[in-house]
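Chain A is the first sequence line, chain B the second, and so forth, proteins listed ahead of strands; every chain is numbered from 1. Heavy atoms only: backbone and side chains are in, while hydrogens, waters and symmetry mates are out.
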Protein chains: 2
Amino acid sequence: MTGPRIVRMTAPTLRDVAQLAGVHPATASRALNPQTRPLVNADTARKVLRAAESIGYQPNPIARSLKTARSSTVGLVIPDLTNPLFPPIVRGIEDVLTPAGYNAWIVNTDNDPDREETQVESLRSRQVEGLIVATAKREHPLLVRLHRQGIKMVLVNRRVDGLELPSVTADDDAGVALAVSHLAALGHTRIAHLAGPQDTSTGVSRARAFRHAMHDHRLADDPALTVECGYWSETAGAAALRSLLDSGASFTAVVAGNDLIALGCYDVFAERGIACPEEMSVVGFNEMPFLDKMRPPLTTVAIPHYEIGGEAARLLLDTLDEPERHPRSVLLAPSLVVRASTGPPRSA
Amino acid sequence: MTGPRIVRMTAPTLRDVAQLAGVHPATASRALNPQTRPLVNADTARKVLRAAESIGYQPNPIARSLKTARSSTVGLVIPDLTNPLFPPIVRGIEDVLTPAGYNAWIVNTDNDPDREETQVESLRSRQVEGLIVATAKREHPLLVRLHRQGIKMVLVNRRVDGLELPSVTADDDAGVALAVSHLAALGHTRIAHLAGPQDTSTGVSRARAFRHAMHDHRLADDPALTVECGYWSETAGAAALRSLLDSGASFTAVVAGNDLIALGCYDVFAERGIACPEEMSVVGFNEMPFLDKMRPPLTTVAIPHYEIGGEAARLLLDTLDEPERHPRSVLLAPSLVVRASTGPPRSA
DNA sequence: TTGTAGGCGTTATCAC
DNA sequence: GTGATAACGCCTACAA
């Protein structure tokens, strides 16, 4: 027979635990925290833990944050969650942070510096212990300032000129080399590059890698065959390809700065009745989801998104643990996924 | 000539503002809070605001939360961010919450009830003021319990049996009717349905809508032509279609529970050399990104994801403002996007 | 209209 | 090893 159950509306606090265990709240606090548990008598600790268990005590992270000025939380600054590149990175980050007892706050910036500043401010006011930043531009005053202020940061996919920050990126050199080798092996000699925005390190490094790769294959690196896209987007990719075609330049293959830019090419192919890969081959970069079901399935350079996220989280945790450690950067190896958007040039 | 700048390392607090303005912290607090500002002399208020501005004072949300047991934060419970359905919904939510002064905490559950419970617990301990839940199953003990405990919630895309909660969903009836009408108009009479999981309200309502629509078109609603997929995924869709084909049933078109299930059909078409749409038409549901570039471009029922998110956020804000208000639910109108995965049956 | 005082739940620093 | 006390930054009765 069960007696009347008193149900309290507010969550149990440390005092409740202490009272139930017959100890002072300070002792209960020490017993509950693995760090300080050695300071307290083993029996007492057991008693406290049992009491906590019995009433379902959960420490209040807000009170803890207020006291410790820490939060077990890190901020994730990304341009736009709807870009399919980011969700797997986010998952990789979370899957490393969670077991380590950390949580991630995700914010979107829409590539708007003002919005970025507000969002970062809001993260800071929530006492995030560090930032994982995917929005870095080569010139990035905000990040420079944050770094000066001692904010712990890790960059993903991008880097900032002159800023020694830990970063995790794909090996762009190797990736672009794979793409160019593949096209060269198919017999292409006139290859164009639709470069990503040159205010991002990734845009620059892939463009540089493209020049080097062309040179390595003893192919003409015609400046007229490289066009910069204003954004990492389909529309920007389409616009860039249109301008290249309109310029009258002759080429039989395109190395796109990323998959979205490559997909923008598909739109232009449809507009102008260009057959891919018969008349024009395209290689993307990133291996975003569902490329295998595209028309045609897109050949692309695959990078390990999930691992990029995981590595970034690990680097940040390292930085939090050992603030003085010299910044490491991680380069992850890409691989080429050959599909049907590339083939031999028509007049090979 | 600029004098020496004193840089304080810790963020300015209310005391700093008060001191600078020459008032008591309580007065500063009242002046800073629009709610209580009328209580304080207009001149004093101005002085305080100016002081706050000058030292870049930002209230500490953690201290505020501890005091008020509120957080201006809502939790977003989704199964998996890498499902392309969710990012636009998340954006819609954020774009409504942000102007209202709220932030969103996103958590993934991976459809794992244990993980869901932990994540929700962590949200609650952070004093989130409400939850937007995209993981609802028809039977969902956790949500029932949270509702009993008075947690404010809004459901997106899904509903829970017997639980009167505000929800935002696409009008599944209308959507499926559009799909079936389209196929019927093309001349299809034997139409199959690859239903979503029947433990989700969406899976059930689309399956029911399918039966109704077939009936409305005086087409045979053969139970053998409906197969349930275990998950809303490509692999589950592929498996379901394989089993249907292997059963020897005859049909010329498929209404898929969602786009992923439809894309799973593409895999089977490739495996078995089935031409789409010549031998088999397929309609998806959701209009996820990049369907226009698929092979073949997928005909689908478009639902306004971004608006779904926005509506959900509005419903939650309403609930927070007026807790006693009767739960409303919002049904958003879908539209049909006809592409190349549907055509007349071969032997029409 | 403004100031005073107390406390939200936790932890760090003292004593004992 | 444990208890007392104060403080993190803010808000809000209550008093003046």
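The residue A:T44 sits close only to the backbone: its heavy atoms come under 4.0 Å of sugar-phosphate atoms, none of a base. Residue B:P59 is in sugar-phosphate contact alone, with no base atom involved, counting any heavy-atom pair closer than 4.0 Å across all strands shown. Residue A:L66 is in base contact, counting any heavy-atom pair closer than 4.0 Å across all strands shown. Looking at heavy-atom distances under 4.0 Å, A:I62 makes no contact with the nucleic acid at all.
Picking from D:dC10, D:dA4, C:dG3 the nucleotide with the shortest atom distance to the side chain of B:V23 gives C:dG3.
Rounded to whole angstrom, the span from the CZ atom of B:R37 across to the P atom of D:dC11 amounts to 12 Å. Spacing between atom CG of A:N33 and atom P of D:dT2 amounts to 16 Å, rounded to whole angstrom units. Residue B:R126 contributes atom CZ, which lies 17 Å from atom P of C:dG9 at whole-angstrom precision. One atom, CG of B:L39, and another, P of C:dT2, lie 10 Å apart when rounded to the nearest Å. To the nearest angstrom, C1' of D:dA7 lies 17 Å from CZ of A:R64. The CD atom of A:Q127 sits 14 Å away from the C1' atom of C:dT10 (whole-angstrom rounding). As rounded to whole Å, 8 Å separates atom P of D:dA13 from atom NZ of B:K67. Whole-Å rounding puts the B:L32 CG to D:dC11 P distance at 8 Å.
Both A:T36 and B:V40 sit near DNA chain C, but only B:V40 has its closest nucleotide nearer the 5' end. Along DNA chain D, the nucleotide nearest B:L14 and the nucleotide nearest A:T27 are compared for position; the residue whose nucleotide lies closer to the 5' end is A:T27. Summary of the strand contacts: B:Y57 and B:R30 both lie near DNA chain D, and taking for each the nucleotide with the nearest heavy atom, the more 5' one is attributed to B:Y57.
Contact check on B:R91 versus A:D110 returns a salt bridge, with a Lys/Arg side-chain nitrogen under 4.0 Å from an Asp/Glu carboxylate oxygen. Contact check on A:D318 versus A:R314 returns no salt bridge, with no Lys/Arg side-chain nitrogen under 4.0 Å from an Asp/Glu carboxylate oxygen.
What you find for B:A28 and B:L14 is that their closest heavy atoms are CB-CD1, 3.9 Å.
Side-chain nitrogen and oxygen atoms of B:T68 include none within less than 4.0 Å of the OP1 or OP2 phosphate oxygen of D:dC11. Note on B:S29: every side-chain N or O is 4.0 Å or more away from OP1 and OP2 of D:dC10. Within the structure, a side-chain polar atom (N or O) of A:H24 is placed less than 4.0 Å from OP1 or OP2 of D:dA4.
Within a 6.0 Å sphere centred on CD of A:E121, other residues, nucleotides and ligands contribute more than 12 heavy atoms.
B:R124 and B:Q149 share a donor-acceptor pair across their side chains, judged by distance under 3.5 Å alone.
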